[in-house]
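Worksheet: the structure to be examined is printed underneath.
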Amino acid sequence: MPDIIAGMDNLAYHSLLIGYYCLIVPSEVKLGPPPISLKELSKNRLSFLDHRWCPPTQDQLQKEICRNNHSLDLAYVNNIATARAMVKARLGWGIWANFVSDPNDLDLKELPLSTKIVPDYGVAILKQGSPQAARQFVSWLEKTGLPG
């Protein structure tokens, strides 16, 4: 993510996928039409990614959610797999980028969140001294794109 490498002058960032953040809930949960307001998120326990393990934009979003809700029931996890397991076990709702969810998982649904914070995933390589194979790989990724 570009915010992860900010300040590293020797790296060139190539954006591959810009998405949006979603509330992930069991498929039977009924909520108003998306996008879901951040103020609605105090209705159930949320699984936040630990700030030491999540992308800076997700940490920023989690802080924005806290500012918009004075009373939250939070659980913290170290990775998306654990957050997904918690949602599947009905132990809370998850929050992550739309392209992280498995589109074939019919047990969960993703509801876009009402936020201007967006995840931008890509690849960074050295500006100078990158092997030709790395530059060719980045070029191939930019041409073919990532599924999203």
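Keep in mind the model is a prediction, meaning the values are calculated, not measured.
Of all the heavy atoms in L91 and R45, the pair that sits closest is O-CD, 3.0 Å. Shortest non-hydrogen contact noted between Y76 and L49 is CD2-O, 4.3 Å.
Of the possible polar contacts, one joining the S130 side chain to the L126 backbone as a donor-acceptor pair under 3.5 Å is found. In this structure, N68 contributes its side chain and K39 its backbone to no donor-acceptor pair below 3.5 Å. Using a distance-only test at 3.5 Å, with no hydrogens or angles considered, no donor-acceptor pair links the side chain of D59 to the main chain of C54. The closest donor-acceptor contact from the side chain of Q62 to the backbone of H51 lies at 3.5 Å or more, if one exists at all.
Rounding to the nearest 0.5 Å places CD1 of I24 at 8.5 Å from CG of L113. Separation of atoms CH2 (W93) and CG (L31) is listed at 4.5 Å; rounding is to 0.5 Å. We find the OG-CE distance between S15 and M1 to be 9.5 Å, quoted to the nearest 0.5 Å. Put simply, CD on E40 and CG on L111 are 9.5 Å apart, with the number rounded to the nearest 0.5 Å. Taken from CD1 in I65 to CD1 in I117, the straight-line distance is 8.0 Å, to the nearest 0.5 Å. Taking OH of Y21 as the start and CD1 of I95 as the end, the distance is 10.5 Å to the nearest 0.5 Å.
In this structure, V118 and T57 have side chains that are not in contact, with every pair of non-hydrogen atoms separated by 4.5 Å or more. Side-chain atoms of L74 and C66, non-hydrogen and from C-beta on, do get closer than 4.5 Å to each other. Side-chain atoms of Y20 and P35, non-hydrogen and from C-beta on, never get closer than 4.5 Å to each other. Using a 4.5 Å heavy-atom threshold, the side chains of I125 and F137 count as separate. You'll find the side chain of L16 reaches within 4.5 Å of the side chain of E142, heavy atoms only. Contact of the S114 side chain with the L38 side chain is not registered, since no non-hydrogen atoms from C-beta on lie closer than 4.5 Å.
In this structure, D105 pairs ionically with R84, as a charged nitrogen and a carboxylate oxygen lie closer than 4.0 Å. The existence of a salt bridge linking E64 and K116 is excluded, since no basic side-chain nitrogen approaches an acidic carboxylate oxygen closer than 4.0 Å.
Within 6.0 Å of atom CD in E28, more than 12 heavy atoms from other residues, nucleotides or ligands are found, so the atom counts as buried in its surroundings. More than 12 heavy-atom neighbours from other residues, nucleotides or ligands sit within 6.0 angstrom of NZ on K127.
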